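Just so you know, these numbers come straight off a predicted model, no measurement behind them.
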Amino acid sequence: MARHLITSALPYINGIKHLGNMVGSMLPADVYARYLRQTGHEVLYICATDEHGTPAELAAKEQGIPVADFCAQAHDAQKAVYDGFALAFDHFGRSSSPQNAEITQHFARKLNENGFIEERAIRQVYSPADGRFLPDRYVEGTCPHCGYDKARGDQCENCTRVLDPTDLINPRSAISGSTELEIRETKHLFLLQSKLQVEVEAWIDEVAGEWPHLASSIARKWLTEGLNDRAITRDLDWGVPVPADTWPELAADGKVFYVWFDAPIEYIGSTKEWADQDPENRDWKSWWYEPNGASDVRYTEFMAKDNVPFHSVMFPATEMGVREPWKKVDYLKAFNWLTYYGGKFSTSQKRGVFTDQALALLPADYWRYFLIANAPESDDSSFTWEHFTATVNKDLADTLGNFVNRVLSFSKKRFGEEVPAGGEPAEAEQKLGAEISRLLAEYEEQMEALQFRKAAAALRALWSAGNSYLEEKAPWLEIKTNPEGAALTLRTAMNLIHLYSVVSEPFIPSSAAAMRAAFELPGDEGRTWVSAEEATALTTVPAGTPFTVPPVLFAKITDEDLESYKERFGGEPQA
């Protein structure tokens with residue numbers, strides 16, 4: 001079996017993320033990782049909090065705590081939410097780790113040795129009151145385009161215009177509020193991406209043909225416009241320090257690497273964090289360094305479309321410039337936006353549902369299934385409470401949950417707490433087995449292709465097939481004239497429940513575990529996937545197997561619930 005390295009875009013440390021962030025990176029990566037593990041592959045799923053940059057420093061300042069303490073607390077808070085969503089990372093690291101600093105500085109030194117880093121003098125805002133140069137986001141003022149008085153030096157959040165600090169009217173320091181600002185000359189390191197353009201283009205031509213159109217088109221658009229040299233250092237207190245052995249003057253000035261440079265390297269850093277926890281049994285280089293085995297690794301990245309340029313062009317350019325055989329992405333799965341009633345989720349404006357709020361309302365499986373079944377793959381998709389309620393009630397409560405409860409409750413009532421025997425499978429069971437095998441193959445095909453909405457539709461069809469069989473056989477009537485036939489029907493349906501518990505696990509792991517735990521099958525805990533033969537035969541759970549009826553898997557969302565959610569979170573389309 002293949003070795004699969006999976007990464008999802010690093011969530012920024014500042015604040016709990018909304019549902020759009022979840023479905024655009026971490027959740028589909030988790031679904032895919034779970035599927036690959038079940039089907040026998042070796043998988044390493046890596047993620048981390050992205051902790052450097054101006055927003056972290058400003059947020060820590062607002063709370064009056066050191067930025068290191070702020071990031072540590074925020075990392076734990078985010079990790080708790082992701083645990084709540086049952087995201088099965090192999091490691092969830094931190095870009096502020098010593099491992100990331102070590103590898104980032106190594107990359108910078110190698111890029112410099114190979115002629116891809118240049119020291120340049122630029123003019124930048126300086127605050128005498130603060131005694132420091134101010135990064136773009138440390139400068140606030142009035143937007144010259146819309147008049148918003150809290151615009152930042154890089155962008156106006158109100159009208160979304162990209163800005164320079166010198167564009168602002170009445171600029172002030174975000175640290176001290178001082179308006180006595182000056183423009184002074186300072187030095188920064190620039191990554192000479194322009195010198196790597198031809199190599200990146202050749203690589204994109206080689207690998208991006210199998211990528212989703214969204215990912216490949218964004219990469220090609222950036223290359224068509226041309227790769228520009230970009231500053232990779234900033235004047236911040238928090239970040240990976242510029243190494244003094246290579247740039248003593250800049251190190252003495254307190255320069256750190258810019259977050260866009262060190263954050264992608266944290267994928268490697270986080271893998272080393274994972275390996276350092278058990279160095280005798282884990283080799284991080286076997287996943288990332290081709291001479292150590294990474295050439296045999298299939299590397300898949302998951303991210304929303306705004307992150308594609310950094311991962312499809314900029315980070316590969318960095319890896320190429322190092323002139324060492326580091327593993328580059330094989331497949332980049334990009335997502336469009338999930339909107340909230342047609343408008344953007346907004347952390348700052350508290351618009352939409354955030355992941356911690358979601359878990360406080362309903363179990364994670366409700367959200368996991370809805371988000372993946374409506375993943376914004378080919379276009380943006382919209383979250384509405386009406387759509388969410390209809391999906392949960394129809395697919396989870398009625399189609400799957402009701403099937404499980406009806407079968408197990410009726411069998412317990414009429415045949416006791418062991419799977420009944422009944423007669424030999426007949427035409428209806430043979431027809432069902434063939435259909436289940438066909439639908440399972442369709443599900444597997446879509447999962448292999450990373451087509452999540454289509455995979456969800458195939459999974460839903462598997463659930464529906466059980467209901468159709470149950471309605472056709474009607475064991476509640478059959479038992480009156482043919483108890484053996486009713487027992488066969490229920491035994492077959494129980495085998496379907498067990499099959500559902502296996503194949504539904506990537507989407508709804510907690511509910512899948514509850515379904516599987518209903519049957520006392522020795523050794524079943526280590527079961528992986530369902531073979532085509534098992535799907536056709538439907539005999540994995542033999543007669544005589546003890547079983548219990550689990551609690552209701554999915555409670556329906558009532559009209560009263562729906563109205564309360566809309567009242568709390570808003571339910572009107574955004575302009």
Q. Taking atom types as modelled and ignoring hydrogens, do the side chains of Ser381 and Asn374 form a donor-acceptor contact shorter than 3.5 angstrom?
A. no
Next on the checklist: Checking side-chain polar atoms at under 3.5 Å, does Asp235 have a donor or acceptor matched by the opposite partner on His188?
Outcome noted: yes
For Glu505 and Ala513, indicate whether the former's side chain and the latter's backbone hold a donor-acceptor pair under 3.5 Å.
no
Going through the distances and angles, do Tyr267 and Ile103 end up as a side-chain contact (heavy atoms from CB on, under 4.5 Å)? CA-CA 10 Å; Tyr267 294 130; Ile103 298 170; over 6 Å; no
- prompt: Is any side-chain N of the basic residue among Lys195 and Asp229 closer than 4.0 Å to the acidic one's carboxylate O?
  reply: no
So the salt bridge (charged side-chain N to carboxylate O under 4.0 Å, His left out) pairs with at least one residue in residues 85-94 (sequence neighbours excluded) are Arg37-Asp90, Glu51-Arg94
The reported gap from OH in Tyr289 to CD1 in Ile268 (rounded to nearest 0.5 angstrom) is 11.0 Å
### Query
Just by modelled atom types, is the Cys47 backbone N or O under 3.5 Å from a matching donor or acceptor in the Ser270 side chain?
yes
Residue Glu119 excluded, over 12 heavy atoms near CD under 6.0 Å
yes
*asked:* Check Lys221 with Glu225, please: is the shortest side-chain N to carboxylate O separation under 4.0 Å?
replied: yes
Across all chains, not counting sequence neighbours, the ring-ring contact (aromatic ring centres under 6.0 Å, His included) partners of Phe257 are Phe261
For this session: Answer yes or no: is there a donor N or O on one side and an acceptor on the other, between the side chain of Arg137 and the main chain of Gln155, under 3.5 Å?
Result: no
Review point. If you measure from the Lys or Arg side-chain nitrogens to the Asp or Glu carboxylate oxygens, is any gap between Arg220 and Asp205 under 4.0 Å?
Key: yes
- Test Thr142 against Lys150 for side-chain hydrogen bond (donor to acceptor under 3.5 Å, both in side chains), laying out the working first. CA-CA 6 Å; Thr142 300; Lys150 293 183 178 62; over 6 Å; no
Residues Leu168 and Ala151: closest non-hydrogen pair is CD2-CB, 3.9 Å
With Phe383 as partner, the option from Phe370, Phe569, Trp337 fulfilling ring pair (Phe, Tyr, Trp, His ring centres under 6.0 Å) is Phe370
_Test your reading of the model: is there a side-chain donor-acceptor pair from Gln78 to the backbone of Gly15, 3.5 Å cut-off?_
yes
One should read off an interatomic distance between Ile218 CD1 and Trp222 CH2, to the nearest 0.5 angstrom, of 10.0 Å
Salt bridge or not for Arg152 and Asp154, using N-O below 4.0 Å? yes
- request: Please determine, by modelled atom types, if Asp130 and Ser173 share a side-chain donor-acceptor pair under 3.5 angstrom.
  value: yes
| Got Thr49 and Cys71 here, is their nearest side-chain heavy-atom distance under 4.5 Å? | no
Is there a donor-acceptor contact under 3.5 Å from the side chain of Asp30 to the main chain of Ala88? yes
Taking atom types as modelled, is there a side-chain donor on Asn100 or Ser95 under 3.5 Å from an acceptor on the other? no
Can you confirm whether the side chains of Ser97 and Glu273 place a donor and an acceptor under 3.5 Å from each other? yes
Heavy atoms of Leu19 and Ala358 approach each other most closely as CD2-CB, 4.0 Å
Problem set entry | Candidate pair Asp50 and Val259, rule side-chain contact (heavy atoms from CB on, under 4.5 Å), full reasoning | CA-CA 8 Å; Asp50 178 6; Val259 62; 3.1 Å; yes
dist Gln193:CD -> Leu223:CG (nearest 0.5 Å) comes out at 10.0 Å
| said: Does this structure show an ion pair linking Asp237 with Arg132, if we count only N-O contacts that are shorter than 4.0 Å? | reply: yes
- Item | Centroid-centroid distance, Trp367 to Phe85, less than 6.0 Å | no
Met314 backbone acceptor or donor facing Thr318 side chain under 3.5 Å: yes
Heavy-atom nearest pair, Ile13 first then His75, reads CD1-N, 3.5 Å
Charged N to carboxylate O below 4.0 Å: is that the case for Glu210 and Arg298? yes
Would you say the side-chain atoms of Gln99 and Asp276 include a donor-acceptor pair closer than 3.5 Å?
yes
Quick check against the 3.5 Å criterion: does Thr233 have a side-chain atom that pairs as donor or acceptor with the backbone of Leu189? yes
Please evaluate residues His18 and Met22 with respect to the criterion side-chain contact (heavy atoms from CB on, under 4.5 Å), reporting the C-alpha separation (whole Å), side-chain torsions for both, the decisive distance (0.1 Å), and the verdict. CA-CA 7 Å; His18 55 65; Met22 175 65 69; over 6 Å; no
Here the pair of heavy atoms bringing Ile169 nearest to Cys143 is CD1-O, 4.5 Å
Trp211 and Ser312 have their tightest heavy-atom pair at CZ3-CB, 3.8 Å
- Do Lys305 side-chain atoms and Leu214 backbone N/O form a donor-acceptor pair below 3.5 Å? no
Practice prompt. Go through Arg109 and Asp245 one step at a time and tell me if the salt bridge (Lys or Arg N to Asp or Glu O under 4.0 Å) criterion holds.
Written response: CA-CA 9 Å; Arg109 291 188 187 99; Asp245 58 8; 3.2 Å; yes
ask   = Can you list the steps and then say if Met447 with Tyr32 is a side-chain contact (heavy atoms from CB on, under 4.5 Å)?
value = CA-CA 7 Å; Met447 289 291 278; Tyr32 187 55; 5.6 Å; no
Mutual orientation of the aromatic rings belonging to Trp326 and His106 [parallel < 30°, tilted 30-60°, perpendicular > 60°]: perpendicular
One should read off an interatomic distance between Tyr82 OH and Leu27 CG, to the nearest 0.5 angstrom, of 11.5 Å
For a quick check under 3.5 Å, do Tyr138 and Ser127 share a side-chain donor-acceptor pair by atom type? no
Nearest heavy-atom contact between Ala86 and Arg34 is O-NH2, 2.7 Å
One should read off an interatomic distance between Phe133 CZ and Gln124 CD, to the nearest 0.5 angstrom, of 6.0 Å
Under the 3.5 angstrom rule, does the side chain of Glu118 hit a backbone N or O of Leu191 as a donor-acceptor pair? no
Between the CH2 atom in Trp203 and the CG atom in Leu196, the distance rounded to the nearest 0.5 Å is 12.5 Å
Side-chain heavy atoms of Val125 within contact of Ile183, under 4.5 Å = yes
The complete set of salt bridge (charged side-chain N to carboxylate O under 4.0 Å, His left out) pairs with one or both residues in residues 278-295, sequence neighbours excluded, reads none
Please step through side-chain hydrogen bond (donor to acceptor under 3.5 Å, both in side chains) for the pair Arg3 and Ser286, ending with a clear verdict. CA-CA 10 Å; Arg3 299 171 69 222; Ser286 73; 3.1 Å; yes
**Report entry** Test item: side-chain donor near acceptor, Tyr35 and Glu448, under 3.5 Å
**Finding:** yes
inquiry  = Is it the case that the side chain of Arg453 and the backbone of Ala375 share a donor-acceptor pair, with hydrogens and angles ignored and the cut-off at 3.5 Å?
reply    = yes
Partner of Tyr45 under ring pair (Phe, Tyr, Trp, His ring centres under 6.0 Å), picked from Trp274, Phe92, Phe89, is Phe89
* Asked: Would you say the side chains of Glu301 and Tyr299 form a donor-acceptor pair under 3.5 Å?
  -> yes
